[in-house]
Amino acid sequence: MKDIGNFSDETKVVHAGIEDNEHLAVVPPIYQTSTFKFRDAEHGANLFRGEEEGFIYTRMGNPTIKAFENAIAILENGYRALACASGMAAIHTVFTSLVSKGDHLICSKAVYGPTVTLLNNVMRRYGVEATFADTSGIDEVKKSFRDSTKIVYVETPGNPTLVISDIRAIADLAHEHGALMVVDNTFMSPILQKPLDMGADIVLHSLTKFLNGHADVVGGVVVVKDEETYKNFRKTLNQIGGVLSPFDAFLVHRGIKTLSIRMEKHCKNAQIIAEFLESHSKVEWVRYPGLKSHPQYEIAKKQMSEFGGMIVFELRGGVKAGETLMNNVHLLQLAVSLGGVESLIQHPASMTHSSMDKETRLQAGITDGLVRISVGIEKSDELIADLEQTLQLL
Ligand SMILES: *Cc1c(COP(=O)(O)O)cnc(C)c1O
């Protein structure tokens, strides 16, 4: 890995993972190949034995993917990273690498919907149990430990309620109980929050969101702190096979060059829009980590450098009013996903979190009227004008 040492994140995003190459191209080539030739039989055998560095077959490793993985490992202050075919493939790789039949894990109540169903459906069939706890305080986490607890899995801010969990406090608790702490850092990106620096053992992302930032790739990544975990995860990923393609690795690597300036604008716009909504008479409540009204505002200030691009709120008039809003916005687009340059609006109860039953949703704070906005990098006045013209209809 090229040493870019103590540069700031603004500089690191531009240079991380970029190595000199055969033709000294400023942008390294895309190795769009499934397989790599061996110089001779001995070379092939050495590579398979791990006695020589090199590439064999793209599921097992590829220079374009590796360059991208190095970039993410640098930004998260980790040891190495593993690029996966999606955020869910990254989460699945972590679970299957770390737990076996009879093991238990603790998971935040407010998490990405399919993470809940992965635990409740797939992992449960393999004899792994999960307890969903409110991780915004440590009491419920404390009570949830069993002798068999191997992982405490936290998403902060949690999707979609933006509830915030204290990474350092929970990491300490996990370690006291001999468990590892895993953080889904998708909503923050390494620019705004660095979980490994606060005691977390593993950090993962859906690349689909802020890291790629252009809504044209589905991908995931896991970052680890030590060689042993890296080797274990790499072996599992080789076997389950959910790897990123070289072309998508190239696109995300390109995307992260603007991560720092994109996050700056996402945060700035979101703060302005959250304040606009909070002061609006048609709005019942707003949740944004950068508002003093956020219940975990103090924790947010402690562990996040800025407050991100995601806002949730409920209109007076609940579900019906929310529908009117979603059907009448023009600049904001009605679509799931988040973290792209374009602003998106969606309704978690009927969309991203519809795979959870209503009771579980309500326990996680996902009310039927809750609307989520992923604030893009457009001009904030124009986003506000779009929201205002729809709020006038209510
Ligand atoms: C989108 C998302 C995921 C899943 O990622 P995919 O790339 O869609 O598989 C996981 N966690 C969070 C917080 C997400 O927003």
Side-chain angles (χ1 to χ4, degrees), residues 68 72 76 81-96 105 107-123 130 132 135 151 153-165 167 182-190 192-193 195 200 202-223 237 240-245 248-249 251-252 255-256 263 266 270 287 289 304 308-312 335-340 344-348 351-356 364-366 370 372-376:
F68 159 69
I72 297 288
E76 284 286 7
L82 303 99
C84 303
S86 67
M88 290 315 300
I91 297 167
H92 184 234
T93 301
V94 171
F95 289 163
T96 47
L105 52 85
C107 178
S108 300
K109 254 182 198 156
V111 281
Y112 189 66
T115 305
V116 177
T117 33
L118 172 64
L119 287 169
N120 279 344
N121 299 344
V122 183
M123 298 308 291
F132 294 90
T135 52
I151 297 174
Y153 182 95
V154 169
E155 196 177 297
T156 182
N159 188 1
T161 55
L162 304 178
V163 65
I164 290 168
S165 306
I167 295 173
V182 180
V183 176
D184 181 337
N185 203 25
T186 300
F187 271 33
M188 290 281 92
S189 90
L192 304 183
Q193 177 170 276
I202 292 146
V203 58
L204 61 88
H205 289 271
S206 167
L207 299 172
T208 317
K209 316 299 170 52
F210 290 103
L211 282 171
N212 180 52
H214 293 73
D216 50 12
V217 169
V218 170
V221 73
V222 183
V223 187
L237 182 59
I240 59 181
V243 295
L244 194 66
S245 75
D248 284 346
L251 285 177
V252 187
I256 62 173
M263 292 318 293
H266 284 298
R287 193 121 300 165
M304 296 150 61
M310 303 301 296
I311 301 173
V312 285
V336 299
S337 198
L338 57 106
L344 302 179
I345 188 165
Q346 70 110 356
H347 178 236
M351 296 170 185
T352 48
H353 289 68
S354 59
S355 63
M356 290 160 78
I366 309 165
L370 183 147
R372 188 185 81 183
I373 296 182
S374 171
V375 181

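Quick note: numbers below take in every heavy atom, side chains included, and nothing from hydrogens, waters or symmetry partners. Counting starts at 1 for both ligands and their atoms, following the listed order.
At a 3.5 angstrom cut-off on N or O pairs, Phe187 does not count as close to ligand 1. Taking any N or O of Thr115, backbone or side chain, none lies under 3.5 Å from an N or O belonging to ligand 1. The N/O atoms of Ser206, backbone and side chain alike, include one that comes under 3.5 Å of an N/O atom in ligand 1. Among the atoms of Leu338, none of the N or O lies under 3.5 angstrom from an N or O of ligand 1.
When Val183, Leu204, Asn185, Asp184 are each tested for a side chain to side chain contact (heavy atoms under 4.5 Å, CB included) with Glu155, only one passes: Asp184.
Annotation: atom 1 (C) of ligand 1 to nearest protein heavy atom, Lys209 NZ, 1.4 Å. Atom 6 (P) of ligand 1 has Gly87 N, 3.3 Å as its closest protein atom, hydrogens excluded (heavy atom only). Ranking protein heavy atoms by distance to atom 4 (C) of ligand 1, first place goes to Tyr112 CE2, 3.3 Å. For atom 7 (O) of ligand 1, the nearest non-hydrogen atom of the protein is Thr208 OG1, 2.7 Å.
Proximity of Gly219 to ligand 1 is established by a heavy-atom distance of less than 4.0 Å.
With Ser374 contributing its side chain and Leu338 its backbone, the two residues share no donor-acceptor pair below 3.5 Å. In terms of modelled atom types and a separation under 3.5 Å, the side chain of Ser165 and the main chain of Thr135 share a donor-acceptor contact.
Atoms of ligand 1 found under 4.0 Å from any heavy atom of Asp184, numbered from 1 in the order shown, are 10 (C), 11 (N), 12 (C), 13 (C). Near Glu155, meaning under 4.0 Å from any of its heavy atoms, are these atoms of ligand 1: 13 (C). Counting the atoms of ligand 1 from 1 in the order shown, those under 4.0 Å from a heavy atom of Thr186 are 11 (N), 12 (C), 13 (C), 14 (C), 15 (O).
For the atom pair Met123 CE and Thr115 OG1, the distance stands at 12.0 Å (nearest 0.5 Å). Atom CG of residue Leu237 and atom CG of residue Leu82 lie 6.0 Å apart, to the nearest 0.5 angstrom. Atom CG in Asp216 sits 10.5 Å away from atom OG1 in Thr208 (nearest 0.5 Å).
Looking only at side-chain heavy atoms (C-beta outward), Leu211 and Phe68 stay at 4.5 Å or farther from each other. Under the 4.5 Å side-chain criterion, counting only non-hydrogen atoms from C-beta, Ile311 is in contact with Val375.
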